[in-house]
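As structure tokens, the structure follows; a few thoughts come after it.
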Amino acid sequence: MTMKMPADKFMSSVKVGEKGQIVIPKEVREMFNIDPGDMLLLLADKERGIAIVDNDGLLDMARNIAGFAGKKEEEKP
């Protein structure tokens with residue numbers, strides 16, 4: 001059954017493969033400009049579920065919050 005969704009929304013079921021992998025549907029990859037090799041951040045909470053987000057923005061934010069902004073990898077405590 002196909003549901004009419006707003007242009008900025010998408011809903012689908014995905015199947016977990018034998019190796020525990022899922023495929024992100026093409027429409028979602030296009031919506032979020034996800035390309036092969038991109039790094040995504042998976043967040044999981046037993047009560048709230050699973051979210052997959054763009055790793056770059058959150059990693060930068062986490063570095064800023066932790067005071068690592070502008071420091072090289074080897075300079076971190």
Side-chain angles (χ1 to χ4, degrees):
M1 178 176 172
T2 305
M3 294 175 45
K4 183 75 173 164
M5 300 289 289
D8 62 341
K9 309 276 189 236
F10 184 84
M11 182 172 64
S12 175
S13 60
V14 295
K15 184 177 181 179
V16 178
E18 290 182 25
K19 294 182 180 182
Q21 299 170 326
I22 62 168
V23 173
I24 300 171
K26 179 182 178 189
E27 296 87 350
V28 175
R29 294 192 315 266
E30 289 174 348
M31 184 185 298
F32 289 96
N33 296 316
I34 299 171
D35 295 313
D38 284 356
M39 188 67 80
L40 302 175
L41 179 64
L42 186 136
L43 305 170
D45 181 288
K46 198 90 158 144
E47 293 179 17
R48 298 180 72 186
I50 297 171
I52 301 173
V53 295
D54 176 8
N55 187 47
D56 293 336
L58 284 180
L59 191 55
D60 289 342
M61 182 178 69
R63 285 184 179 137
N64 287 333
I65 291 170
F68 294 139
K71 294 183 180 179
K72 294 182 180 177
E73 197 68 31
E74 62 271 3
E75 294 176 338
K76 294 180 188 175

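Only a predicted model underlies this, so the values are computations on that prediction, with no experimental measurement involved.
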Side-chain heavy atoms under 4.5 angstrom apart, residues restricted to Ile, Leu, Val, Met, Phe, Trp, Tyr: same cluster for [X] and [Y]?
X     : Y     : answer
Ile50 : Ile22 : yes
Ile24 : Leu42 : yes
Ile34 : Met11 : no
Leu43 : Leu40 : no

Inter-residue atom distance [X].[atom1] - [Y].[atom2], 0.5 Å rounding:
X     : Y     : atom1 : atom2 : result
Asp38 : Phe32 : CG    : CZ    : 13.0 Å
Arg29 : Phe10 : CZ    : CZ    : 10.0 Å
Met31 : Lys9  : CE    : NZ    : 9.0 Å

If you link ILVMFWY side chains whenever their heavy atoms are less than 4.5 Å apart, which other residues fall into the same cluster as Val23? By chain and number, please.
->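 Val23 shares its hydrophobic cluster with no other residue.
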